[in-house]
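Since the model is a prediction, treat every value here as computed from it, not as a measurement.
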Amino acid sequence: GRARGRGGGGAWGMVWTLGVLTGLIFVIVMLAGSLKRVQEAEIALAYNPIEKKLGEDVYSVGLHAGSPFFRFIKFPSVYTTLYYEDEKCVSKDGIMVTLDVQYQVDQGRVRDLVAQYSTAEKHVQILYWAIQSGVHNTCSQFLITEFQEERGRVQDSLLAKCRAKAESLMTQVIDVQ
């Protein structure tokens with residue numbers, strides 16, 4: 001037989017190798033764009049920005065596959081605290097009082113939350129100011145001595161007002177301190 005020279009076989013091998021490498025890179029990029037993680041304290045709804053389509057399923061902790069380059073719109077799945085340090089409520093006699101409000105979003109209405117607020121950050125901003133208005137109103141009805149001597153009654157009143165404000169925002173207020 002004849003020895004093979006440096007003819008078309010080498011060029012074909014190069015083309016084949018480049019094709020395989022290009023295909024492999026494409027698969028890796030598509031896989032990387034199709035996997036997203038939901039952290040332990042989150043729930044999420046898939047959103048496809050290319051099709052501008054919101055998913056139906058709510059995802060909890062773990063690594064999840066979706067359409068290429070989808071993203072998750074995430075909300076907290078645990079109790080979260082709003083801190084009212086700068087916007088203090090003022091008692092009837094003019095004394096500043098700081099409060100913390102613990103809440104949790106309605107996990108059965110995540111799709112509604114996304115449709116209404118787009119992101120958890122926007123929801124928290126609106127929730128913060130809605131509850132703040134209730135806190136200001138309620139704090140101004142009590143003297144500072146009532147905050148100390150009748151803590152249960154004052155706290156129940158604050159909790160009821162905060163719950164009323166948060167309910168329409170698909171959120172449950174758990175505690176006020």
Kindly determine whether Val61 and Gln39 satisfy side chain to side chain contact (heavy atoms under 4.5 Å, CB included), including the steps that lead there. CA-CA 5 Å; Val61 66; Gln39 299 297 328; 5.9 Å; no
Run the salt bridge (Lys or Arg N to Asp or Glu O under 4.0 Å) test against Lys161 and tell me which residues pass, sequence neighbours left out.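 With sequence neighbours excluded, Lys161 shows a salt bridge (Lys or Arg N to Asp or Glu O under 4.0 Å) to no residue whatsoever.
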Under 6.0 Å from the CD atom of Gln148, do we count more than 12 heavy atoms belonging to anything else shown?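 Check passes, neighbour count above 12.
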Just checking Glu167: does its CD atom have more than 12 heavy atoms from other residues, nucleotides or ligands closer to it than 6.0 angstrom?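 Counting neighbours around CD of Glu167, 12 or fewer heavy atoms of other residues, nucleotides or ligands fall under 6.0 Å, so no.
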Is the backbone of [Y] close enough, under 3.5 Å, to the side chain of [X] for a donor and an acceptor to pair up by distance?
X: Thr80; Y: Val78; result: yes
X: Thr22; Y: Leu18; result: yes
X: Thr145; Y: Leu143; result: no
X: Tyr84; Y: Tyr128; result: yes
X: Thr171; Y: Gln104; result: no

Can you measure from [atom1] ([X]) to [atom2] ([Y]) and round to the nearest 0.5 angstrom?
X: Gln102; Y: Tyr83; atom1: CD; atom2: OH; value: 8.0 Å
X: Ile174; Y: Thr81; atom1: CD1; atom2: OG1; value: 10.5 Å
X: Ser60; Y: Glu42; atom1: OG; atom2: CD; value: 11.0 Å
X: Tyr47; Y: Ser67; atom1: OH; atom2: OG; value: 11.0 Å
X: Glu150; Y: Ser157; atom1: CD; atom2: OG; value: 11.0 Å
X: Thr138; Y: Leu158; atom1: OG1; atom2: CG; value: 5.5 Å

So do [Y] and [X] actually touch side chain to side chain, heavy atoms under 4.5 Å?
X: Leu99; Y: Cys139; value: yes
X: Ile131; Y: Tyr103; value: no
X: Val20; Y: Trp16; value: yes
X: Val173; Y: Leu159; value: yes

For Tyr117, give me all partners under ring-ring contact (aromatic ring centres under 6.0 Å, His included), at least two apart in sequence or on another chain.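 For Tyr117, the residues satisfying ring-ring contact (aromatic ring centres under 6.0 Å, His included) (neighbours in sequence not counted) are His123.
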Let's go through Val58 and Gln107 carefully: what are the C-alpha distance in whole Å and the side-chain angles of both, what is the deciding distance for side chain to side chain contact (heavy atoms under 4.5 Å, CB included) to 0.1 Å, and is it a yes or a no? CA-CA 9 Å; Val58 176; Gln107 295 185 14; over 6 Å; no
Of Asp100, Val176, Leu127, Val135, the residue whose pairing with Leu82 passes side chain to side chain contact (heavy atoms under 4.5 Å, CB included):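 Result: among Asp100, Val176, Leu127, Val135, Leu127 is the only option passing the side chain to side chain contact (heavy atoms under 4.5 Å, CB included) with Leu82.
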So which heavy atom on [X] is nearest to which on [Y], and how close?
X: Lys74; Y: Ala44; result: CG-CB, 3.9 Å
X: Leu113; Y: Met170; result: CD2-CB, 3.7 Å
X: Phe142; Y: Glu146; result: CA-OE1, 3.3 Å
X: Ser77; Y: Glu40; result: OG-O, 3.8 Å
X: Pro49; Y: Arg71; result: CD-N, 4.4 Å
X: Ile50; Y: Pro68; result: CD1-O, 4.1 Å

Are Val105 and Ile126 in one and the same hydrophobic cluster, where Ile, Leu, Val, Met, Phe, Trp and Tyr link if side-chain heavy atoms are under 4.5 Å apart?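 Yes: a chain of side-chain contacts under 4.5 Å links Val105 to Ile126.
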Treat each ILVMFWY residue as a node, draw an edge where side-chain heavy atoms are under 4.5 Å apart, and state whether Val97 and Trp129 are in one component.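 Yes, because Val97 and Trp129 connect within a single hydrophobic cluster, where side-chain heavy atoms sit under 4.5 Å apart.
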May I have the step-by-step check of side chain to side chain contact (heavy atoms under 4.5 Å, CB included) for Val114 and Phe75, ending in yes or no? CA-CA 9 Å; Val114 172; Phe75 281 84; 3.6 Å; yes
Assess whether side chain to side chain contact (heavy atoms under 4.5 Å, CB included) is satisfied between Ile73 and Ser118, documenting all intermediate values. CA-CA 8 Å; Ile73 299 173; Ser118 305; over 6 Å; no
Should the ring pair Tyr59 and Phe72 be called parallel, tilted or perpendicular, given that the plane angle runs from 0 to 90° and is split at 30 and 60?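 Geometry flag for Phe72 against Tyr59: tilted rings.
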